[in-house]
Amino acid sequence: MEIKQYQIIIVNLDPTVGSEIRKTRPCLVISPDEINKYLKTITIAPITSASKDYPTRIRFTFEGNTNWISIDQIRTIDKSRVVKIISALDQKEIRKVKAIIKETFID
């Protein structure tokens, strides 16, 4: 399975600790394609349907429902946790993700 940046994938996040987002759920691939191709790990941001408009959450519509990409929950996982690839973000959503990552971690 070839995993690409900004794809939405289904990931088994269990086991988790404390306040980490858990269970099998959609996640956004954040890591660049060079990492995704050569390493056994990828960096993801979990997607949740139960959230509020936090500054580190990006609201978008997925499969007809409102969801949030949780930039505050970014983590690196082993590729063996990936169940399947299901979709990808469009360019407008990618720009939002990049802006929130920059605002959260760089500026």
Atom [atom1] of [X] and atom [atom2] of [Y]: how far apart are they, to the nearest 0.5 Å?
{"X": "Y6", "Y": "I30", "atom1": "OH", "atom2": "CD1", "result": "6.5 Å"}
{"X": "I86", "Y": "C27", "atom1": "CD1", "atom2": "SG", "result": "9.5 Å"}
{"X": "E63", "Y": "S49", "atom1": "CD", "atom2": "OG", "result": "11.0 Å"}
{"X": "I8", "Y": "F62", "atom1": "CD1", "atom2": "CZ", "result": "4.5 Å"}
{"X": "I69", "Y": "L28", "atom1": "CD1", "atom2": "CG", "result": "5.0 Å"}

Practice task
Identify, with sequence neighbours excluded, every residue that meets salt bridge (charged side-chain N to carboxylate O under 4.0 Å, His left out) alongside K79.
Solution key: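 Salt bridge (charged side-chain N to carboxylate O under 4.0 Å, His left out) check on K79 returns nothing, list empty.
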
Problem - salt bridge (charged side-chain N to carboxylate O under 4.0 Å, His left out) partners for R57, two or more places apart - result: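 Result, salt bridge (charged side-chain N to carboxylate O under 4.0 Å, His left out) vs R57: D72.
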
Handout entry: Residues T66, F60; criterion side-chain contact (heavy atoms from CB on, under 4.5 Å); working and verdict
Key = CA-CA 6 Å; T66 299; F60 77 113; over 6 Å; no

With a cut-off of 3.5 Å and sequence neighbours excluded, list every side-chain donor-acceptor pair involving residues 31-38.
residue : atom : partner : partner atom : Å
S31     : OG   : N36     : OD1          : 2.4
S31     : OG   : T43     : N            : 3.1
D33     : OD1  : Q5      : N            : 2.7
N36     : ND2  : S31     : O            : 2.9
N36     : ND2  : P32     : O            : 3.3

Handout entry: Heavy-atom side-chain contact between F105 and I71 under 4.5 Å
Key =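 A side-chain contact exists here, since the closest heavy-atom pair is under 4.5 Å.
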
Exercise for the section: Report yes if some heavy atom in the side chain of K40 is under 4.5 Å from a heavy atom in the side chain of S80; otherwise report no. Expected result: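 Side chain of K40 against side chain of S80, heavy atoms only: no contact under 4.5 Å found.
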
Practice task
Apply side-chain contact (heavy atoms from CB on, under 4.5 Å) to T61 and list each qualifying residue two or more places apart in sequence or on a separate chain.
Solution key: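 side-chain contact (heavy atoms from CB on, under 4.5 Å) list for T61, sorted by chain: empty.
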
Exercise for the section: Mind listing the closest non-hydrogen atom pair of S70 and T48 along with its distance? Expected result: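 So the two residues come closest at OG-CG2, 3.7 Å.
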
Handout entry: Residues that, via side-chain heavy atoms closer than 4.5 angstrom, fall in one hydrophobic cluster with I9
Key =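 Besides I9, the hydrophobic cluster comprises M1, I3, V11, L13, I21, V29, I42, I44, I77, V82, I85, listed by chain and residue number.
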
Donor-acceptor pairs are to be reported for all side-chain atoms of residues 90-99 against protein atoms at under 3.5 Å, with residues two or more places apart or in another chain.
residue : atom : partner : partner atom : Å
D90     : OD1  : K92     : N            : 3.2
D90     : OD1  : E93     : N            : 2.8
E93     : OE1  : D90     : N            : 3.0

Practice task
Determine yes or no for a side-chain-to-main-chain donor-acceptor pair under 3.5 angstrom, with N67 supplying the side chain and N65 the backbone.
Solution key: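 Pair found, side chain donor or acceptor close to backbone of N65.
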
Exercise for the section: Could you tell me whether a side-chain N or O of Q7 sits under 3.5 Å from a main-chain N or O of K4, the two making a donor and an acceptor? Expected result: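 Looks like yes, one N/O pair under 3.5 Å.
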
